[in-house]
J.: 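There's a structure below that I have some questions on.
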Protein chains: 2
Amino acid sequence: MDNKKIEKISRALSDTNRIAILQEFKKKKDCLYCAEVNDLLDLTQPSVSHHLKQLVDADLLVPQKEGRNFKYLLNETVLNEYIACLNSLKD
Amino acid sequence: MDNKKIEKISRALSDTNRIAILQEFKKKKDCLYCAEVNDLLDLTQPSVSHHLKQLVDADLLVPQKEGRNFKYLLNETVLNEYIACLNSLKD
DNA sequence: TTCATATATTCAAATATTTCGATGTGTATT
DNA sequence: AATACACATCGAAATATTTGAATATATGAA
């Protein structure tokens, strides 16, 4: 994982709304529906859409279309790679 | 560690210049001098000062005055706490 | 096909970040 | 004391981010 990718993931994580989205996966088992994120955040629908896009663009979330709904999966592989980069800072 | 703190650390990490500073600790043994950071980055001194401030404000670096020089230590405790928060997203 | 629902996109305003030149502050050297 | 050095702060310009209103697109239901 190069530094541009680390930068992008860090930026995706640098917003409490987006952190709250990721933490919601702890309560939900596997996936999170777009509508659930709209309920979770105190923001309009376009703003929520914007935040979800940041997380998807950083590959932290994987979107899946389901009829006219969207659901998101947490990309643990990318999260683990990011964590490994942070751990490597410590020698 | 609350979400505001996670946001702040993530933001501190969301810049390739600051990532490069942290990675420089891998080459250096224990601490990094301000002058070394000035040499490392292709930026003016005020810009470097700004980036170091972001890292210090996020508690990722601990500044130590040494005469008229400044040296920085990596705060592994905070880095570990941050990594623990990220790991907890996966449960 | 028509209508309603779910989500994305566009646009603009407000705010935040990055950068650098100029300057300030503190410390060592002479 | 005068000067030089190391770093911080200020001010302004350029750019990026966040937000919401308006609108577009895609899908399912009637």
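In what follows, every heavy atom counts, from backbone to side chain, and hydrogens, waters and symmetry copies are set aside. The sequence lines fix the lettering, A, B, ..., with proteins before strands; numbering per chain opens at 1.
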J.: Can you check the A/L41 CG to D/dG20 P distance for me, whole Å?
T.: 10 Å

J.: When the distance from OH of B/Y72 to P of D/dA6 is rounded to whole Å, what number comes out?
T.: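 One finds 14 Å between P of D/dA6 and OH of B/Y72, rounded.
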
J.: Could you tell me the separation between the CG atom of A/L61 and the C1' atom of C/dT7, rounded to a whole number of Å?
T.: 15 Å

J.: For A/F25, which of A/L73, A/L74, A/D30 qualifies under side chain to side chain contact (heavy atoms under 4.5 Å, CB included)?
T.: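 The option that passes is A/L74.
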
J.: So, using side chain to side chain donor-acceptor pair (under 3.5 Å) as the criterion, who are the partners of A/N38 when residues are at least two apart?
T.: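 Per chain and number, A/N38 pairs via side chain to side chain donor-acceptor pair (under 3.5 Å) with no residue.
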
J.: Can you name the atoms? Protein N/O to nucleotides 16-19 of chain C N/O, anything below 3.5 Å, with the distance.
T.:
from	atom 1	to	atom 2	distance (Å)
C/dT18	OP1	B/R18	NH2	3.1
C/dT18	OP2	B/R18	NH1	3.4
C/dT18	OP2	B/H50	NE2	3.4
C/dT19	OP2	B/H51	NE2	2.3

J.: When the distance from CG of A/L52 to C1' of C/dA6 is rounded to whole Å, what number comes out?
T.: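 Taking atom C1' of C/dA6 as the reference, CG of A/L52 is at 13 Å.
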
J.: Could you tell me which residues satisfy salt bridge (charged side-chain N to carboxylate O under 4.0 Å, His left out) with B/E81, sequence neighbours excluded, listed by chain and number?
T.: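 Once residues adjacent in sequence are excluded, B/E81 has no partner under the salt bridge (charged side-chain N to carboxylate O under 4.0 Å, His left out) criterion.
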
J.: What residues, two or more places apart in sequence or in another chain, satisfy salt bridge (charged side-chain N to carboxylate O under 4.0 Å, His left out) together with A/K53?
T.: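 Applying salt bridge (charged side-chain N to carboxylate O under 4.0 Å, His left out) to A/K53 gives A/D57.
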
J.: Please enumerate all residues that pass salt bridge (charged side-chain N to carboxylate O under 4.0 Å, His left out) together with B/E66, with sequence neighbours excluded.
T.: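 B/E66: salt bridge (charged side-chain N to carboxylate O under 4.0 Å, His left out) contacts with B/K71.
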
J.: Return yes if the base of D/dA6 and the side-chain atoms of B/Q45 contain a donor-acceptor N/O pair under 3.5 Å, otherwise no.
T.: no

J.: Would you say the side-chain atoms of B/R11 pair up with the backbone N or O of A/S10, donor to acceptor, closer than 3.5 Å?
T.: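 A pair under 3.5 Å: no.
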
J.: Within the 4.0 Å limit for protein heavy atoms, which parts of nucleotides 25-30 of chain D are touched? Write it as a string from 5' to 3', B for base, S for sugar-phosphate only, - for none.
T.: -SBB--

J.: Got a sec, which residues hit side chain to side chain donor-acceptor pair (under 3.5 Å) with A/Q64, two or more places apart in sequence or on another chain?
T.: none

J.: Could you work out, with salt bridge (charged side-chain N to carboxylate O under 4.0 Å, His left out) as the rule, every residue matching A/D59, not counting sequence neighbours?
T.: A/K5

J.: Taking only distance into account, with no hydrogens and no angle test, what donor-acceptor pairs under 3.5 Å do side-chain atoms of residues 41-49 of chain A form with protein atoms, sequence neighbours excluded?
T.:
from	atom 1	to	atom 2	distance (Å)
A/T44	OG1	A/S47	OG	3.3

J.: Rounded to whole angstroms, how far apart are CG on A/N38 and P on C/dA6?
T.: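 Between P of C/dA6 and CG of A/N38: 10 Å.
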
J.: Holding to side chain to side chain donor-acceptor pair (under 3.5 Å), I want the full list of residues that pass it with A/N80, two or more places apart in sequence or in another chain.
T.: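 For A/N80, the residues satisfying side chain to side chain donor-acceptor pair (under 3.5 Å) (neighbours in sequence not counted) are B/K90.
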
J.: End-to-end bend of the helix from C/dT1-D/dA30 to C/dT30-D/dA1 (five-pair axes, 10° rounding)?
T.: 20°

J.: Taking only side-chain nitrogens and oxygens of A/S49, does any of them come within less than 4.0 Å of OP1 or OP2 of C/dT7?
T.: no

J.: Could you pick out which residue, A/D42 or B/A35, lies toward the 5' side of DNA chain D when each is mapped onto its nearest nucleotide?
T.: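 It is B/A35, whose closest nucleotide lies nearer the 5' terminus.
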
J.: For DNA chain C, whose closest nucleotide is more 5', that of A/K53 or that of A/N69?
T.: A/N69

J.: Checking B/K27 now: which residues fulfil side chain to side chain donor-acceptor pair (under 3.5 Å) with it, not counting sequence neighbours?
T.: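 Side chain to side chain donor-acceptor pair (under 3.5 Å) list for B/K27, sorted by chain: empty.
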
